[in-house]
Amino acid sequence: MKDISQYLELFRTERDLIDAHSVPALNALRDEAAAAFERMGFPSKKVERYRYTDVATAFAPNYGLNLSRLHIPVNPYEAFRCDIPNLSTSVYFVVNDSLYKDALPKATLPKGVIVDSLNALSMLDEVQAVHSPFSIFHSEDSLTALNSMLAQDALLIYIRAGVRAERPIQVVNILRSAVPLMVNRKVRIVAEAGAEVRLLFCDHAADDQDFLATQVMEVSVGEGAHVELYELEETHARCHRFANLYADVAAGGHLTHATLTLTNGLTRNQTDVCLSGKEASVNLLGCAITDGQQHVDNNTLIDHRAPGCTSRELYKYVVDEQSEGAFAGRILVREQAGQTESQETNANLVCTPEARIWTQPMLEIYADDVQCSHGSTVGQLNDEALFYMRQRGISESEARLLLKQAFASEVLNHITLEPLRDRLHYLIDKRFRGELNHCRTCRLCNKS
Amino acid sequence: MLEIKNLHATVGGKEILKGIDLTIGPGEIHALMGQNGAGKSTLSNVLVGHPAYTVTEGSITFNGKDLLALSPDERSHEGLFLSFQQPVEIPGVSMVNFMRAALNAKRKYQGLEPLDAGSFLKLMRERRKIVELDNKLTSRSVNEGFSGGEKKRNEIFQMAMLEPTMCILDETDSGLDVDALRIVAEGFNKLRTSDTSAIVITHYQRLLDYLKPDYVHVLMGGRIVKTGGPELAIEIEQRGFDWIKESLDI
Ligand SMILES: Nc1ncnc2c1ncn2[C@@H]1O[C@H](COP(=O)(O)OP(=O)(O)OP(=O)(O)O)[C@@H](O)[C@H]1O
Ligand SMILES: [Mg+2]
């Protein structure tokens with residue numbers, strides 16, 4: 001049990017302050033969460049799902065927390081320009097772990113769609129029902145427990161039954177601080193039966209500072225609902241992200257979730273999807289482009305609990321220089337999940353002898369009559385293709401770039417949100433050219 | 001314009017070229033023939049700087065420059081083009097992006113600005129027509145899922161885009177049906193200027209009927225053992241290579 005004491009101590013001494021600036025629904029979770037966190041400690045590399053990321057070391061420094069919820073005096077609507085402009089007119093900013101409320105998007109959301117902080121919404125009857133599931137995962141994951149122990153607010157995205165949110169909704173997470181900072185974000189997404197929504201979360205860090213972000217996202221996709229959830233990280237080398245996502249998809253519902261890591265420091269994304277109703281489907285996509293000392297670990301679990309469900313999973317990594325990528329994807333087909341169709345692919349391009357990739361696709365089948373496949377590849381750039389391009393006059397570096405882009409773009413081609421896909425092609429091009437790195441200061445105060 | 005002297009080259013540790021001498025002047029078409037495995041593709045690959053092939057002896061000058069000192073992309077910019085015997089598929093790289101990268105790299109080398117999107121696409125369209133390459137193919141990834149003949153046609157399309165001065169056609173005729181062969185060969189002739197030279201590697205006379213070589217060479221045992229006019233190709237088609245072997249006593 002490596003040093004969890006600074007977090008427990010902080011919790012115990014600051015409990016009143018934490019509670020005072022939070023909502024009852026979250027305060028109600030803390031004791032149970034703290035007990036679970038204390039019991040589990042930071043997962044060591046012996047814990048199966050955490051074997052590729054050194055958690056304790058990432059949490060060892062002394063980060064500050066903004067427990068009294070002091071306001072950051074910068075209007076992100078004026079100061080910040082995200083890399084995905086013009087995609088949505090409904091752009092919300094979460095600065096550190098608070099929804100920025102002094103200004104809100106100009107466009108109004110359709111009736112039956114709510115995007116707000118739990119803090120503001122706790123009185124609304126409509127969403128009372130969706131508060132409760134916040135606690136169910138503490139006993140399983142120590143970082144989820146830690147997040148629940150400390151989180152003071154949650155972002156709620158709610159789409160009422162049958163409502164179709166035509167335009168995508170974008171949430172931009174910005175990390176801002178003059179000192180090392182830890183933030184704890186919670187997000188709850190509820191799409192009721194037949195609802196439809198497309199969501200884009202972008203992670204940025206606006207200061208060249210050490211950041212540690214935990215995030216717990218809970219997604220419930222109702223019967224026949226359709227949710228597309230894209231997460232794009234463009235932070236920097238001093239950022240640590242630990243994001244746990246728990247999704248449940250009811251009968252006939254569909255979830256697409258994409259995790260795209262363009263620039264970061266250390267990132268671990270854990271994505272658990274439960275296909276709980278018959279004929280539910282999920283598409284998990286991931287793309288990580290790493291160099292320098294970057295570390296990206298995606299750990300997924302797809303739990304087929306009902307018959308006739310479909311899951312597809314495609315994760316691609318391009319690891320360069322000394323960076324590291326890890327993918328572990330477990331697909332569990334339970335006894336009752338007959339007629340399951342599942343396909344899992346992890347493909348990796350390793351660009352230098354120093355770069356590392358770990359890949360671990362896992363398929364566990366307890367049902368009959370299923371169609372499942374899984375596979376992973378680790379390779380280098382195709383020399384014959386490189387030479388062909390060079391014969392046509394393309395320089396070696398440009399040829400490499402085109403091949404890397406081609407490799408990564410397969411993931412993008414599964415993204416159905418067209419403006420996002422086009423923009424991602426552009427961003428990935430810039431990323432491979434090394435032109436995204438000056439996103440270190442994130443164009444804050446650099447509106448052009 | 002191209003002068004190969006006493007060229008020796010190895011691949012996979014095996015010496016394949018054992019002293020090639022060949023001089024090609026501007027505007028000349030040289031056919032290169034020889035049995036399977038004679039080293040014809042090896043010579044092409046050495047000329048364009050394929051890293052798997054090592055030159056152990058000899059020299060190559062191209063327009064007065066030491067060709068062996070240039071990188072593959074520089075050789076391309078200098079006007080050297082190889083129509084590959086087996087063009088590689090590059091999934092995920094679109095023909096448009098590929099061609100644009102190639103053309104703009106060459107323009108940069110020549111000190112020219114990159115072509116704007118409109119002019120580039122117009123050029124693509126024009127050149128596509130010369131070899132009658134289907135629009136559908138240029139909107140796909142490079143060679144991906146192309147038939148054998150389509151790949152060959154695509155090679156000549158790329159040649160049309162890059163306007164090289166020294167073209168090496170390595171069995172461009174194989175895989176092409178009769179009509180396609182005519183279109184590709186006539187396309188090549190349309191693209192030729194009085195300065196365009198070519199090395200045409202083939203096993204058959206039918207391509208040479210269109211391209212009308214000035215010289216025909218036979219590669220055997222790692223050397224050029226016989227050189228003649230167009231009639232040599234016709235003779236080879238009728239009689240094979242054995243009579244040449246016999247006359248050389250090997
Ligand atoms: N990359 C390589 N590694 C090992 N051996 C090679 C390689 N490339 C060519 N060779 C060998 O070199 C010899 C010459 O091959 P090359 O492809 O140049 O013949 P070719 O004259 O073009 O034949 P074809 O008419 O069949 O195309 C052959 O024995 C071949 O197996
Ligand atoms: Mg050959």
Side-chain angles (χ1 to χ4, degrees), chain A residues 260 285 287-289 314-318 345-349 351 375 377 379-415 418 421-433 435, chain B residues 44-53 70-110 140-144 151 154-155 157-164 167-168 170:
Chain A
L260 310 147
L285 300 169
C287 177
I289 297 167
L314 175 66
Y315 277 78
K316 286 193 137 184
Y317 291 66
V318 181
T345 309
N346 169 227
N348 307 289
L349 205 52
C351 305
T377 57
Q380 281 93 38
L381 293 174
N382 178 346
D383 284 338
E384 286 307 318
L386 266 179
F387 181 69
Y388 187 82
M389 293 170 135
R390 297 194 67 194
Q391 203 306 298
R392 298 308 187 238
I394 300 172
S395 70
E396 179 162 13
S397 61
E398 185 74 15
R400 285 183 179 280
L401 187 106
L402 285 170
L403 289 180
K404 287 182 195 173
Q405 264 179 345
F407 180 82
S409 69
E410 192 197 344
V411 174
L412 305 192
N413 294 340
H414 286 84
I415 291 179
E418 217 172 295
R421 186 180 59 221
D422 294 347
R423 189 70 187 168
L424 283 171
H425 277 294
Y426 168 80
L427 286 177
I428 282 182
D429 177 75
K430 285 185 63 157
R431 172 65 183 83
F432 282 128
R433 288 178 196 281
E435 290 166 12
Chain B
S44 335
N45 279 310
V46 167
L47 286 171
V48 295
H50 193 296
Y53 299 78
L70 302 178
S71 69
D73 33 317
E74 287 166 338
R75 297 182 197 198
S76 169
H77 299 324
E78 288 289 330
L80 204 57
F81 182 94
L82 171 60
S83 167
F84 286 84
Q85 185 172 0
Q86 278 156 342
V88 62
E89 300 194 9
I90 316 178
V93 176
S94 72
M95 272 304 295
V96 173
N97 284 347
F98 169 70
M99 250 10 281
R100 188 186 294 132
L103 194 68
N104 284 336
K106 176 163 189 178
R107 290 178 66 89
K108 191 174 168 194
Y109 187 80
Q110 295 171 329
R140 297 223 298 250
S141 291
V142 179
N143 292 326
E144 193 186 23
K151 282 180 185 162
N154 190 23
E155 294 291 287
F157 162 68
Q158 293 171 42
M159 193 186 108
M161 290 294 290
L162 296 171
E163 300 173 357
C167 311
I168 307 164
D170 192 351

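Protein chains get the first letters and strands the later ones, always in sequence-line order, with residue 1 at the start of each. Computed from a predicted model, the values in this text were never measured in an experiment.
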For B:V88 and A:A385 the tightest heavy-atom approach is CG1-CA, 3.9 Å
B:G49 backbone acceptor or donor facing A:Q391 side chain under 3.5 Å: no
If I measure from the heavy atoms of chain A, does B:L82 come under 4.5 Å with its side chain, its backbone, both, or neither? both
Measuring from A:Y388:OH to B:E89:CD, what's the distance to the nearest 0.5 Å? 10.5 Å
Could you give me the CA-CA distance, side-chain angles and deciding distance for A:E384 and B:F84, then say whether side chain to side chain contact (heavy atoms under 4.5 Å, CB included) is met? CA-CA 11 Å; A:E384 286 307 318; B:F84 286 84; 5.8 Å; no
If every non-hydrogen atom of B:S76 is compared with every non-hydrogen atom of A:R392, which pair is closest and at what distance? OG-C, 3.3 Å
Which one wins on heavy-atom pair count under 4.5 Å against chain A: B:S141, B:A102, B:P87? B:A102
When B:P72, B:G92, B:A105, B:P51 are compared by non-hydrogen pairs under 4.5 Å with chain A, the top option: B:P72
Show your reasoning for whether side chain to side chain contact (heavy atoms under 4.5 Å, CB included) applies to B:D73 and A:E398. CA-CA 11 Å; B:D73 33 317; A:E398 185 74 15; over 6 Å; no
Does a sphere of radius 6.0 Å around CD in B:Q85 hold more than 12 heavy atoms from other residues, nucleotides or ligands, not counting ones at 6.0 Å or beyond? yes
Which heavy atom in A:A406 sits nearest to a heavy atom in B:P91, and how many Å separate them? CB-O, 3.5 Å
Considering residues at least two apart in sequence or located in another chain, which fulfil the ring pair (Phe, Tyr, Trp, His ring centres under 6.0 Å) criterion with B:H50? A:F387, B:Y53
Approximate separation, where rounding is to 0.5 Å, of B:K106 NZ and A:I394 CD1: 13.0 Å
Proximity breakdown for B:N143 and chain A, heavy-atom pairs closer than 4.5 Å: side chain
So for A:S409, is it side chain, backbone, both, or neither that comes closer than 4.5 Å to the heavy atoms of chain B? side chain
So for B:P164, is it side chain, backbone, both, or neither that comes closer than 4.5 Å to the heavy atoms of chain A? neither
